[in-house]
Each structure stands twice: as C-alpha cells, then as structure tokens.
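To find a chain, count down the sequence lines: A is the first, B the second, and so on, and within it residues start at 1.
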2 protein chains.
Amino acid sequence: MAAPIPASPLFLREPEIRRGVELLYFGYSHLTRSIDAGLSDKGMGRAHHRALYFIARKPDLTVSELLKLLAITKQSLGRVLTELTERGLVETRAGDRDRRQRLLRLTAEGTAFEAELFEALRAKMAAAYSSAGQGAVGGFWAVLEGLIPEDERARVAGLGR
Amino acid sequence: MAAPIPASPLFLREPEIRRGVELLYFGYSHLTRSIDAGLSDKGMGRAHHRALYFIARKPDLTVSELLKLLAITKQSLGRVLTELTERGLVETRAGDRDRRQRLLRLTAEGTAFEAELFEALRAKMAAAYSSAGQGAVGGFWAVLEGLIPEDERARVAGLGR
DNA sequence: CAGGATTGGTCAACATGGCTGCCCCAATTC
DNA sequence: GAATTGGGGCAGCCATGTTGACCAATCCTG
C-alpha cells in the first residue's frame with residue numbers, strides 16, 4: 001500500500017528536515033571551533049567567549065539581561081564573570097537608575113581580545129556568505145529566526161543597536 | 001576622515017556578520033533544547049542523541065566513521081556507545097569485509113526512541129522552514145554549507161543515502 | 001609468512017561548564 | 001515596615017569533553 005503521506009510541500013519532508021538539522025549542527029560546530037585555539041591560548045573556554053561577545057555587543061547590559069540571553073544559571077554565569085573581571089577583561093559599575101544593577105563593560109584589553117576572536121568568526125562567516133551569494137543570506141537569517149521562539153526574538157533583535 | 005573601508009558588499013559588513021553569528025547561536029540552541037526533555041526522561045543527554053541520530057541516519061556505519069562525524073575522542077564516544085548498547089538501543093555486529101569493524105545499528109527500541117526525538121526536531125524545523133518560506137531554505141542550506149570545510153562536506157553529504 | 005598498519009576497546013585521571021539547594025545582603029518598591 | 005528584585009556566594013553533583021597509555025584482533029604488503 002502506498003505511503004499515506006498527506007500532500008506536504010517537498011521542502012517539509014523528512015530528508016529536507018534532516019538536511020537542515022545536520023547542516024545546522026556541522027555549521028555551528030565548525031564556526032565555534034574556529035575560535036577555540038584563540039581562547040585556549042589565554043586559558044579560557046567557550047563560556048567566557050559567550051559572555052565577552054554579548055558584553056561587547058551591548059555595553060552596559062546588566063547581569064540579569066545577560067542571564068536571559070545565555071539561558072544559564074546565575075551560578076554558572078557568576079563563575080565566568082568573576083574570572084573575566086579578575087583577568088581585567090570586564091569591569092562593572094552600578095546602574096544609575098537602579099543602583100543594585102551591575103552594568104557590564106569590556107575594558108580596553110577586553111575589547112581587543114573580543115575583536116581578535118571576532119575576526120576569526122568574521123572570516124568564516126564572510127566566506128560562507130560569499131560562497132552562498134548575497135541572495136542566500138536573507139534565507140539563512142529567515143530560517144534561523146523561525147527557530148527562535150517569539151518572546152526571545154525581541155531580545156535577539158535588541159542586540160542590533 | 002572618512003572610514004577607509006574598502007568597497008565591501010553590504011552583506012559582508014560587521015553588523016550583518018554579527019547578525020548571522022547570533023542567529024546561528026540562538027537558532028542552534030533552541031533547536032537542541034527542544035529535545036532535552038525527551039532525553040532526560042530516559043536519563044540521557046545530548047551526546048547520546050548525537051550518536052543515535054547518526055546511527056539512525058546511516059545504519060551499519062562503523063565506529064571510526066562515527067568518530068569522524070562527531071569529532072570527539074574514542075574515549076568519549078566509547079562511553080556513550082556502551083550506555084546505548086546496555087540500554088538495548090544500539091547493537092553491533094562485525095563487518096563482512098573487515099571483521100575488525102563494528103557495524104552500528106539501532107534496535108527496534110532504538111529506532112522508536114530516535115523517531116520520537118526526531119519528531120520534536122522535525123516540528124521545529126518545519127515551522128521555521130514554513131515561516132521563512134520555501135525560497136529561504138536554499139539560502140539557509142547554502143550558507144551553512146559554506147561554514148563546513150571542504151573535506152568534511154563530502155562526509156556530510158554522504159549521509160543523504 | 002612476518003611485520004607493520006589499522007580498527008577498536010579499555011583504563012586512569014583530569015577539565016569545563018552546566019546544574020541544584022541554600023543562604024546572604026543591599027536597594028527598591030509597595 | 002514588608003516584600004520584591006538584583007546580585008553574589010558556598011558546597012557538591014553531573015555530563016561530556018580531554019590526554020596518554022596499552023592491548024587485541026585483523027588486515028595488508030613485501
């Protein structure tokens with residue numbers, strides 16, 4: 001008996017879904033691995049980079065904002081922030097409106113280190129954009145946005161300024 | 001003095017690169033988190049899923065093929081395969097041509113479990129494909145392929161049968 | 001056939017980066 | 001004055017990665 005598959009668009013069938021899952025896995029893996037060497041040179045790991053990245057991206061963001069972005073526990077983030085502060089890459093100051101808040105910023109040294117790591121990401125991503133062609137980039141963004149839940153999307157978009 | 005940036009295409013400038021990095025991070029994170037509940041129900045983690053996934057995808061693949069795909073050490077994979085075998089989700093048999101090889105396969109139970117987990121991935125990815133539109137999917141694939149080094153691309157493509 | 005290369009398994013030991021539970025303080029808000 | 005919020009910290013656990021060494025079976029080649 002023939003497959004009782006309802007008339008679903010070709011691009012929603014299992015092989016196309018699996019292809020997306022796999023490319024996403026391998027693409028993400030290779031991109032993140034591209035900065036591991038630079039990190040371990042300085043005795044740091046990916047957790048440090050994620051914090052550095054978002055602090056670079058949005059200076060003066062608060063600890064709780066960063067917690068929401070990273071979706072980890074206070075404890076895990078605390079360890080990382082302590083280390084980054086001790087190494088002189090991150091500094092904090094009290095919030096103006098609410099003095100309980102700690103506003104996070106990179107020091108000059110932190111900025112330089114983040115820029116160095118970003119260069120590796122930039123090179124890889126730019127090569128991928130170029131090889132795929134300008135027209136592909138919009139599709140790349142659109143599918144990834146679709147993977148992000150509604151409520152989180154605003155937070156991610158809010159990085160862009 | 002004006003920025004001495006060479007005439008690089010708009011889509012290769014820093015904001016567009018950062019946008020890609022961030023969407024890739026959040027998209028990947030949310031997709032992988034979507035199966036964590038199903039995994040921890042059975043006391044397993046993502047490492048188990050990755051092995052299950054690729055064994056499902058390419059039955060009778062060898063341990064060394066799986067090692068190359070996962071890019072982890074023999075030790076790490078060994079632990080996972082032992083647990084999956086003990087739980088009756090994976091079974092091995094000796095290779096025909098080369099009897100040193102262990103060909104990996106899912107048991108019926110393993111197949112069912114992988115299918116259950118895949119359903120969550122399928123739903124999320126299909127929703128993303130749909131919301132982005134069919135035209136976006138090709139771009140999504142193309143950029144991700146560009147992130148994967150030449151030599152690895154063949155291995156990934158080889159999953160598709 | 002002998003000897004080297006390949007495939008796989010195993011051990012001990014350690015690092016990273018998540019997690020929970022519990023407690024604390026200061027600042028703000030009600 | 002009480003409750004909430006933002007931040008911090010300790011102890012300890014777990015999952016999953018790492019290195020390095022070593023062994024056994026098998027295959028391949030001179």
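With a 6.0 Å cutoff to the six-membered ring centre and a 45° limit on the axis angle, B:Arg18 counts as a cation-pi contact of A:Phe118.
A heavy-atom distance below 4.5 Å is found between the side chains of B:Tyr129 and B:Phe140. Residues B:Pro149 and A:Lys124 meet the side-chain proximity criterion, which asks for heavy atoms closer than 4.5 Å. Residues A:Leu70 and B:Tyr25 meet the side-chain proximity criterion, which asks for heavy atoms closer than 4.5 Å. Side-chain contact check for B:Met44 versus B:Arg87: some heavy-atom pair is nearer than 4.5 Å. In this structure, B:Thr62 and B:Leu67 have side chains that are not in contact, with every pair of non-hydrogen atoms separated by 4.5 Å or more.
Contact annotation: A:Ser76 side-chain N/O to C:dG17 OP1/OP2 distance is not under 4.0 Å. Residue A:Arg102 places no side-chain N or O under 4.0 Å from the OP1 or OP2 atom of D:dG6. Between D:dT16 and B:Thr73, no contact under 4.0 Å exists linking OP1 or OP2 to a side-chain N or O.
Distance CE (B:Met44) to P (D:dA15): 12 Å, rounded to an integer number of Å. The nearest whole Å value for the distance from the CD atom in A:Glu86 to the C1' atom in D:dG9 is 13 Å. Look at CD on A:Glu83: it is 14 Å from P on D:dG8, rounded to the nearest Å. For B:Leu81 and D:dT16, the CG to P distance is 13 Å, given to the nearest whole Å. One atom, CD1 of B:Ile35, and another, P of D:dA15, lie 16 Å apart when rounded to the nearest Å. Look at NE2 on A:His48: it is 13 Å from C1' on C:dG18, rounded to the nearest Å. Counting to the nearest Å, the P atom of D:dG17 and the CG atom of A:Asp36 are 13 Å from each other. Here the C1' atom of nucleotide C:dT16 and the CD1 atom of A:Ile72 are 12 Å apart, to the nearest Å.
At a threshold of 4.0 angstrom between heavy atoms, the contacts of A:Gly78 with the nucleic acid are absent. When heavy atoms are screened at a 4.0 angstrom cut-off, A:Ser64 is found touching the sugar-phosphate backbone but no base atom.
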| task | Any chance you could list the contact pattern along nucleotides 25-30 of chain C? Use B for base contacts, S for sugar-phosphate-only contacts and - for none, protein heavy atoms under 4.0 Å, 5' to 3'. | result | -BBS--

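Projected onto DNA chain C by closest heavy-atom contact, A:Lys74 and A:Arg79 fall at different nucleotides, the more 5' of which corresponds to A:Arg79.
Ring centers of B:Phe26 and A:Tyr28: at least 6.0 Å apart, outside the cut-off.
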| field | salt bridge (Lys or Arg N to Asp or Glu O under 4.0 Å) between A:Arg19 and B:Glu145, intermediate numbers included | value | CA-CA 11 Å; A:Arg19 179 136 194 250; B:Glu145 268 169 19; 2.2 Å; yes

| query | Going through the distances and angles, do A:Glu22 and B:Arg57 end up as a salt bridge (Lys or Arg N to Asp or Glu O under 4.0 Å)? | reply | CA-CA 10 Å; A:Glu22 288 150 22; B:Arg57 191 75 163 103; 2.3 Å; yes

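Among the nucleotides C:dG17, D:dG7, C:dG18, the one closest to the side chain of A:Thr62 is D:dG7. Ranking C:dG9, D:dG17, D:dG8 by closeness to the A:Val63 side chain, first place goes to D:dG8.
Checked for salt-bridge contact, A:Glu119 and A:Arg122 meet the test: a charged N lies under 4.0 Å from a carboxylate O.
Counting only Watson-Crick or G-U wobble pairs whose defining distances are both under 3.5 Å, the stems of 3 or more consecutive pairs in DNA chain D are C:1-30 with D:1-30.
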